[in-house]
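For reference, the structure is listed below as structure tokens.
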Amino acid sequence: MNDSAVIDAPQASPQETNSCFARFVDVQKSYDGVELVVKGFNLDIQSGEFVTLLGPSGSGKTTCLMMMAGFETPTHGEILLKGKPISGLPPHKRGIGMVFQNYALFPHMTVAENLAFPLEVRHLSKAEVQQKVDRALAMVRLEGFGSRRPAQLSGGQQQRVALARALVFEPELVLMDEPLGALDKNLREEMQYEIKRIHASLGVTMIYVTHDQTEALTMSDRIAVFNDGVVQQLATPETLYESPDNAFVATFIGENNRLMGEVVERLDERCEVRLDSGERVIAKPVAVGGAGSRTTLSLRPERVALIADDGDAERYDNRFPAIVKEVIYLGDHLRTRLELCGNDEFIIKTPNAEGHPSLRPGQSVTVGWTWQDCRALDA
Amino acid sequence: MSQSPATPLTTADGVPLKVSLRRAVRRSKLKALLLASPLLAFLLIAFVMPIVDMLWRSVDNPEVSTHLSRTVQALQGWDGESLPEEPVFAALVADLREGKEARNLGLLSSRLNYEKSGMRSTISRTARRLRTVEPPYREALIAVNDTWGELDTWKLIQREAVPYTLSYYLAAVDRQFGPDGEIVKVPEYLEIHVELFWRTFWMSAVITALTLLLGYPIAYLLATLPLRHSNLLMILVLLPFWTSLLVRTTTWIAILQSQGVLNDMMVAIGLIADEARWQMIHNKIGTIVAMTHILLPFMILPLYSVMKTIPPSYMRAARSLGGKPLLSFRRVYFPLTIPGIAAGGILVFILAIGYYITPALVGGQSGRFITNYIAYHMQTSLNWGLAAAIASILLAVVVVFYLVFNRLIGVDKVKLG
Ligand SMILES: Nc1ncnc2c1ncn2[C@@H]1O[C@H](COP(=O)(O)OP(=O)(O)OP(=O)(O)O)[C@@H](O)[C@H]1O
Ligand SMILES: [Mg+2]
């Protein structure tokens, strides 16, 4: 069905190939021959990097991981590992460690036997196996748990064993499919730290799948935001948060106010947008066309300021009156819902600092923001 | 335990909590009992009572003590060294006279005939001549039939006067009591049951192994295929359940007999000569083929129910850890299916050793099971005690298998889907 795509698939140049550890080149995948689950997926991963695939459920993250591990074959495109295509390589020859969402610890083996499995199939000597198993158990701080069965461990401990098992045979690449999905919040944070620590100490390359954006932001070197089978943006956590390329990324990462409108005038580095409710806003054009095209304005709640009567109103290019609808007290900051420009889901976050005005529902206020913080994205 | 023991907890209407709880529980227990009672009654009549009756019959031994009561009485204290004295013979004549009157000498004579061949004709001949027999009875009876002059005859009567006997069990394993009460083998030409027991067991084991071999891959497919395909496959697996056992068995006759479909085809393609058609029915092959086919679902379903619970991620994990497909299967998947194998195995084996119709129809002489001899003893030889003893041995084997299985695997693993 994708004849044209097959013909003009970009050929990875040797120079490009050498520079990175793992590559997805224009990978497509369809399970049923009708629908593409992954459409033209491109990703370059440097050696030692921690890359996260982040996206909503059903966006094809697991599918990509399974193709890397060799359990699914790409319908089109190529996956390269250290410059070599691996599509012909069966899973057991790829040498990729994998942590599954439900750990997939073998229930009929003890923890030590689970860890020994990848070493035994590689025909290591008994002494070597023993030594590596011990070292792996120490790495995840589970010394003394070797003779237990997986069912006799807590969720977090099982998670550690799964991690140790994926690392014990010293793979250069480790894939993790929502490894912390089944843990509660505290344990999850602890394990995030643990995984980062191990990543840093071993220097392995990791591809990590999650749909928890906080997890992605705190752990990753780079994040590939997935939607609908394509990478929407591949960037560092900071770039992703501060300058999302499109409306999906802006909404998916962090909290975000959206204002719909139409570009009136576009200059080099700023543009003027007329909102559907009539107001005019100065914004930074990121992913919009010329005058007349539809756009979504994206604005982080913490970048919207309450403007005091006397103060520095001139600092803000955009200033609008608003009515307070709801105030939620969150300790270190206040989350306030406003009605502004006909949108009554407009959220602002204000630090709970000394001298900050206290707001009450029904109160009229003025808010403002700079044009740089207001990004004009695709509609 | 209560906070204030002085005032026990009560419900709103003042009834003590414990009383009202007991009342509520009793009501629901009664309801459960009521719902289950038709089945319980049915099981009692159709299952428990026949088994008890069977076990009883396998040891019950009333014939000699009731129909020769006077003789038995007179024989008390007999040393067994020399022929009994006149009073014993007189008692025998009295017993036989009464038995002839009541027309129940048949039971007695066949019972004694099981133990000593020739006793049936001895008794019937003696009974016919009773009118002419005059005292002294000892000489007269020996004159009628010299069996009465043998020590063994009287030892037999004395031995079988007890109300319970093991002789049916001995017969079931081709043994009998010798003249002095010792256990000896039956003559070689009468040996039949032990061989049949062994044949039943090893053929059942072969059938179990074959169903496992054929069923394992199918169960795996059932558990791993997408639902749409696996449903179709499941229907194919269950199809045999919807066809009569008799139809399926006779179909095998049509296929396997020497003028049957399979032989015809092999002759047609020149694989075998017309005069050298294979004998595949009315022998062991016929029994094994037909029973493997019939019992296959009982292997597939427990296997499937276990395999369904094994997430595909185990095999994937094994592969990603570097296990070659076969090794991953052997070390990871296979061990997890052992409860299913054991469950299917015990189910098929137990069903197989109790199978009757199929071996009877397609087994011929050499492919017959011990069950066919149970039927033979019940319907033809009318030796119900022996039939009961053989059946009890089978029951004991099943119970032993069940207990071992329950000990090793747990009977709750047997699920059909
Ligand atoms: N074996 C399969 N056969 C057919 N369709 C599949 C199969 N596996 C996944 N899909 C479909 O492919 C799409 C992507 O699935 P995938 O498992 O990659 O999503 P995901 O991003 O991992 O989602 P989640 O966050 O829920 O795990 C989904 O629409 C899913 O229904
Ligand atoms: Mg997934």
Side-chain angles (χ1 to χ4, degrees), chain A residues 31-32 62 65-72 89-110 113-124 136 149-151 158 161-171 173-179 182 207, chain B residues 212 216 219-221 223-232 302-345 405-415:
Chain A
Y31 284 105
D32 49 9
T62 300
L65 225 53
M66 288 301 161
M67 289 191 286
M68 188 84 208
F71 298 118
E72 298 288 352
L89 223 52
H92 61 275
K93 291 199 178 141
R94 297 194 178 189
I96 297 175
M98 181 139 191
V99 180
F100 292 82
Q101 178 162 12
N102 292 315
Y103 318 137
L105 297 176
F106 307 138
H108 57 297
M109 299 185 192
T110 63
E113 285 166 348
N114 263 283
L115 295 188
F117 181 86
L119 305 172
E120 282 166 3
V121 302
R122 288 176 171 73
H123 306 294
L124 267 64
R149 298 265 161 149
Q158 291 181 27
V161 175
L163 189 60
R165 191 180 65 176
L167 291 165
V168 72
F169 60 101
E170 290 157 24
L173 177 61
V174 175
L175 311 179
M176 300 194 213
D177 190 1
E178 300 192 36
I207 306 181
Chain B
L212 176 63
Y216 198 94
Y220 178 78
L221 274 184
T224 49
L225 276 183
L227 205 61
R228 202 155 36 89
H229 305 288
S230 69
N231 274 344
L232 186 68
L303 272 177
Y304 164 69
S305 83
V306 166
M307 287 177 175
K308 211 176 41 173
T309 64
I310 302 175
S313 61
Y314 287 156
M315 268 304 267
R316 290 186 161 179
R319 300 287 310 280
S320 80
L321 292 170
K324 295 193 184 80
L326 258 178
L327 179 124
S328 304
F329 171 80
R330 190 168 54 77
R331 298 240 358 230
V332 175
Y333 196 82
F334 181 76
L336 293 174
T337 60
I338 284 177
I341 295 175
F405 173 80
N406 193 25
R407 191 64 187 276
L408 294 180
I409 308 281
V411 75
D412 51 328
K413 293 288 192 319
V414 186
K415 276 177 275 172

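The sequence lines fix the lettering, A, B, ..., with proteins before strands; numbering per chain opens at 1.
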Top contributor to chain B interface from A/L105, A/N102, A/V168, A/V99 [non-hydrogen pairs under 4.5 Å]: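 Ranked by contacts with chain B, first place is A/L105.
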Which atom of [X] lies closest to which atom of [Y], heavy atoms considered:
X: A/F117; Y: B/A318; result: CE2-O, 3.6 Å
X: A/P91; Y: B/R319; result: CD-NH2, 3.2 Å
X: A/V121; Y: B/L327; result: CG1-CD2, 3.1 Å
X: A/F106; Y: B/Y314; result: CE2-O, 3.4 Å

Pairs of heavy atoms under 4.5 Å with chain A: top-ranked of B/P335, B/S328, B/S320: B/S320
Is it the side chain or the backbone of [X] that comes within 4.5 Å of chain B heavy atoms, both, or neither?
X: A/Q101; answer: neither
X: A/F169; answer: side chain
X: A/R122; answer: side chain

Pairwise distance NE2(A/H108) to OG1(B/T337) - rounded to 0.5 angstrom: 9.5 Å
Any side-chain heavy-atom pair of B/R316 and A/M98 under 4.5 Å: no
Flag if over 12 foreign heavy atoms under 6.0 Å of CG, B/L326: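 Open.
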